[in-house]
Protein chains: 2
Amino acid sequence: MKHNFGAGPCILPQEVFQEASQAVLNFNDTGLSILEISHRSKEFEAVIAEAERLVRELLSVPTGYSVLFLQGGASTQFAMVPLNLLPEGRKCAYLDTGTWASKAIKEARKVGEVTVVASSADANYTYIPKAYEVPADAAYFHFTSNNTIFGTEMLETPKADVPLVSDMSSDILSRKVNVADYGLIYAGAQKNMGPAGVTLVIVKDELLGKVGRTLPSIFDYQTHIGSGSMYNTPPVFSIYVSMLNLRWLKNKGGVKVIEQENIIKARTLYDEIDRNPLFRGTAVVEDRSRMNVTFITEDKAHEAAFLELAKERNLVGLKGHRSVGGFRASIYNALSIAGVNALVDAMQEFEEKTK
Amino acid sequence: MKHNFGAGPCILPQEVFQEASQAVLNFNDTGLSILEISHRSKEFEAVIAEAERLVRELLSVPTGYSVLFLQGGASTQFAMVPLNLLPEGRKCAYLDTGTWASKAIKEARKVGEVTVVASSADANYTYIPKAYEVPADAAYFHFTSNNTIFGTEMLETPKADVPLVSDMSSDILSRKVNVADYGLIYAGAQKNMGPAGVTLVIVKDELLGKVGRTLPSIFDYQTHIGSGSMYNTPPVFSIYVSMLNLRWLKNKGGVKVIEQENIIKARTLYDEIDRNPLFRGTAVVEDRSRMNVTFITEDKAHEAAFLELAKERNLVGLKGHRSVGGFRASIYNALSIAGVNALVDAMQEFEEKTK
């Protein structure tokens, strides 16, 4: 079996693959494929209802918040957030912690005034800025909680007197989050929640309907709230597989249990990076991500050789993003402790061989 | 085996289900699931390239046209079309042939001036209006080629001196279309092309970049053209299954061959509707759809009994849309002639029983 450290779309539990594969042939003994059932069928209505229930339960979503399953990925949310939350003539605040945060800022600027409260672009996004103030008159404050490319993560929710909006695409469901602290959370599913093709949005209802802007129906959160994420044909299979994955997480003990595993996995890997003289982490220690572990070889000449050894050990998806180089081990919920141990073993084997 | 007459998401070929199910466990002998491979992997790049090539080949797409695989369904196109093609101060023209055409009109009106050239709303959309003129100064003329709910279809391309834009969600790839006659064609995949979660767009490049409107990147066709439908993470699985389905269609002989089958299937079913004294078609004869056959019982009391008999004969998804009532047999590409014959048999059996 391969251990898939890819950054996304990425590993999901083997049980989920098994069940999804079966449903493509015969879904719930209906004699029909999950790919050919109507989204208006009672069978699929049960699926989407269970997916929503599981999100609410696993993340303890308070009342007054809607849970939506949309299409278009986080990139669509980059536009929908300001269109729905930034009234004409107001401004919004963004923290610039990497490529995806910058893209969100670019899209918000098309809608209105954006204050970038801080940026770590000066150091290739190796850290999370901490000394900044969010203007009290901002309509909302947006940040990217985990920076997939640069391997940094905001494990503490920032303080601000305005509604918080967070892109949690790559750390949703990996750790406890107090949803009540947020105005809106969004996440492309293709890391910890499910396969590509569906986006989770959790939004505080009272923030909506205040911008006085004519919106395309499909870009209006209220459209989707009013129709239970069924305004138009939803991505049936992606929602189904997400539901299976949410079920798996619940059966495992939920977010609290997976968070402990994620802490152990991250510590195990960072300990080896810090110990092994051949490797070095790229993010500052206090902002290291538990999801995407970015590291390089001290000697650039070792890079290809280590990737080759990893491949021989069935460890795949380790090549770093071109913006950082080196390696990136994405250790999402479904990547097992055994997978991390196998990577650590390979790093030690490489050290031995290189002596 | 069940014959699935559902309107969408709908039946796909059994071979496609088999291969998709296998790929969820082990895609192309990579040892990885299709759900966990990166959209930037060479394996997926080959998939999306083949999907595009097959669309170009099967529909004879001329040079100068881009082929895109997007998210958000036809409902997203309702907004993207006017945002990208209707310059400020100009108007566009729409033909109102049903629920989906009306929704497209509603979204276009949010962007600019819309001339509705004709409507069949007066007769519950049972026919396609023919006597209308498209203003020569319209930026484009939009029509819905097949009306899934009302069972009508425009088998001939209308004439107009402005670019034609067509929602072909429910008849794309079911019949020959001269793409060169069109400015833009779009189709939610979940009828004849693949599973829900991906939308095909074929657009004439020279029409783009002329509206002088600031667009969210994700809503701009040029964004997606520039990145080969990979501006953000695409719906990997939905594109993969679409590719399998396009391959199936090619192996069957292509659009010309399937069109002949579709003609035979539609004729077989309409002949029985016209012959059988218990049933009656709802759409006018000359505008009958080859994809969605809508019919009712002459005696309303027979409705539930016929659905019950059909179910016993493994014929599912036949209940009509609430806007029309009665029955709707969607006989898309993957619904076999054997399926249509089984339905005709059930209608004749019902006639016998009812005597």
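Values reported hereafter were calculated over all heavy atoms of this structure, with side chains retained and with hydrogens, waters and symmetry mates removed. A note on names: the letters A, B, ... follow the listed sequences, proteins ahead of strands, and every chain is numbered from 1.
- The most heavy-atom pairs under 4.5 Å with chain A, out of B/L25, B/V236, B/V198, come from B/L25.
- Of the two parts of A/I11, the backbone and the side chain both hold a non-hydrogen atom closer than 4.5 Å to a non-hydrogen atom of chain B.
- The part of A/V316 that comes within reach of chain B is its side chain, from C-beta onward, which places non-hydrogen atoms under 4.5 angstrom from that chain.
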Evaluation steps, side chain to side chain contact (heavy atoms under 4.5 Å, CB included), between B/L35 and A/F17
CA-CA 8 Å; B/L35 304 181; A/F17 292 147; 3.7 Å; yes
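- No donor-acceptor distance shorter than 3.5 angstrom exists from the side chain of B/N4 to the backbone of A/L32, with no hydrogens or angles considered.
- Looking only at heavy-atom pairs under 4.5 Å with chain A, the residue among B/S38, B/S33, B/G6 that has the most is B/S33.
- Counting heavy-atom pairs closer than 4.5 Å to chain B, the top residue among A/V111, A/T214, A/T233 is A/T233.
- The choice from A/Q22, A/Q18, A/K110, A/Q190 that makes the most heavy-atom pairs within less than 4.5 Å of chain B is A/K110.
- Contacts of A/F219 with chain B are made by side-chain atoms alone, with heavy-atom separations under 4.5 Å and no backbone atom involved.
- Within 6.0 Å of the CH2 atom in A/W248, the count of heavy atoms belonging to other residues, nucleotides or ligands exceeds 12.
- In this structure, chain B has a heavy atom under 4.5 Å from the side chain of A/F237, while its backbone stays farther away.
- In terms of heavy-atom proximity, A/A196 sits nearest to B/P234 at CB-O, 3.4 Å.
- Contacts between A/V241 and chain B at a heavy-atom distance below 4.5 Å involve the side chain alone, from C-beta outward.
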Residue pair A/K103, B/S217: steps toward the side chain to side chain contact (heavy atoms under 4.5 Å, CB included) verdict
CA-CA 10 Å; A/K103 289 194 181 198; B/S217 302; over 6 Å; no
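- Residue contact with chain B, scored on non-hydrogen atoms closer than 4.5 Å, is absent for A/L70.
- Minimum interatomic distance between B/P216 and A/A79 (heavy atoms only, all atoms of both residues): CB-CB, 3.6 Å.
- B/P9 and A/H39 get closest at one heavy-atom pair: CD-ND1, 3.4 Å.
- Side chain of B/S21 to main chain of A/S21: a donor-acceptor pair is present (N/O by atom type, distance under 3.5 Å, no hydrogens or angles).
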